[in-house]
Amino acid sequence: MKVIITQAEAMQKNIWDEIMLMFGRTDEDEVWESEQFILTEEQARKLGLLR
């Protein structure tokens, strides 16, 4: 299973810092609110998105 989350959703769920680390993003990188990130089921569970 794959889970898609946008930058805006990650910010709302307070997991944006973890997403940035997973995808090698830094504060200097330009990211749009609607930019999508595809997570594996394991990553989504680690972030608390799945139970």
Side-chain angles (χ1 to χ4, degrees):
M1 173 190 328
K2 302 291 181 186
V3 176
I4 299 173
I5 189 167
T6 65
Q7 190 267 351
E9 291 168 332
M11 292 286 284
Q12 290 173 350
K13 296 181 183 298
N14 295 318
I15 59 171
W16 177 239
D17 289 338
E18 290 91 343
I19 297 285
M20 284 177 46
L21 287 173
M22 287 180 174
F23 288 90
R25 298 296 181 113
T26 66
D27 291 332
E28 290 82 33
D29 293 332
E30 182 178 346
V31 180
W32 300 328
E33 287 185 6
S34 61
E35 188 166 344
Q36 297 179 340
F37 296 88
I38 301 172
L39 305 171
T40 64
E41 185 175 348
E42 182 180 327
Q43 288 172 319
R45 287 189 194 283
K46 183 178 177 182
L47 294 170
L49 299 174
L50 299 176
R51 297 177 191 213

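Nothing fancy with the numbering, it's 1 onward along the sequence. All values below were derived from every heavy atom in this structure, side-chain atoms included, with hydrogens, water molecules and symmetry-related copies excluded.
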Check: If every non-hydrogen atom of Val3 is compared with every non-hydrogen atom of Ala44, which pair is closest and at what distance?
Finding: CG2-CB, 3.7 Å

Notebook entry, point to check: Same hydrophobic cluster for Phe23 and Trp16, using side-chain heavy-atom links shorter than 4.5 Å among ILVMFWY?
Noted result: yes

Margin query: If hydrophobic clusters are built by linking Ile, Leu, Val, Met, Phe, Trp and Tyr wherever their side-chain heavy atoms come under 4.5 Å apart, do Trp32 and Ile5 end up in the same one?
Written below: no

Notebook entry, point to check: In terms of hydrophobic clustering (I, L, V, M, F, W, Y; side-chain heavy atoms under 4.5 Å; direct or indirect links), are Leu47 and Met11 co-clustered?
Noted result: yes

Check: When rounded to the nearest 0.5 angstrom, what distance separates CD in Gln12 from CD in Glu33?
Finding: 9.0 Å

Margin query: With rounding to the nearest 0.5 angstrom, report the CD1 to CD distance, Ile19 to Gln7.
Written below: 10.0 Å

Note to self: Within the 4.5 Å heavy-atom criterion, are Ile15 and Glu9 side-chain neighbours or not?
What the structure shows: no

Check: Do other residues, nucleotides or ligands put more than 12 heavy atoms under 6.0 Å from Leu50 CG?
Finding: yes

Note to self: Can you tell me how far apart CD (Glu18) and CD (Gln43) are? Round to the nearest 0.5 Å.
What the structure shows: 12.0 Å

Next item on the list: Starting at CE of Met1, measure out to CD of Glu42 and round the result to the nearest 0.5 Å.
Entry: 13.0 Å

Notebook entry, point to check: Should the pair Arg25-Glu35 be classified as a salt bridge under the 4.0 Å nitrogen-to-oxygen rule?
Noted result: yes

Notebook entry, point to check: Checking Arg45 side chain against Arg51 main chain: does a donor-acceptor pair fall under 3.5 Å?
Noted result: yes

Margin query: Looking at every heavy atom in both Ser34 and Thr6, which two are closest together, and how far apart are they?
Written below: O-CG2, 3.9 Å

Note to self: Let me confirm one number: the CD1-OG1 distance from Ile38 to Thr40, rounded to the nearest 0.5 Å.
What the structure shows: 11.0 Å

Check: Out of curiosity, Glu41 CD to Lys2 NZ, how far, rounded to the nearest 0.5 Å?
Finding: 9.5 Å

Margin query: Using every non-hydrogen atom in the two residues, find where Asp27 and Met20 come nearest and quote the distance to one decimal.
Written below: OD1-CE, 3.2 Å

Check: Do Glu28 and Thr26 get their side chains close enough for a donor-acceptor pair, meaning under 3.5 Å?
Finding: yes

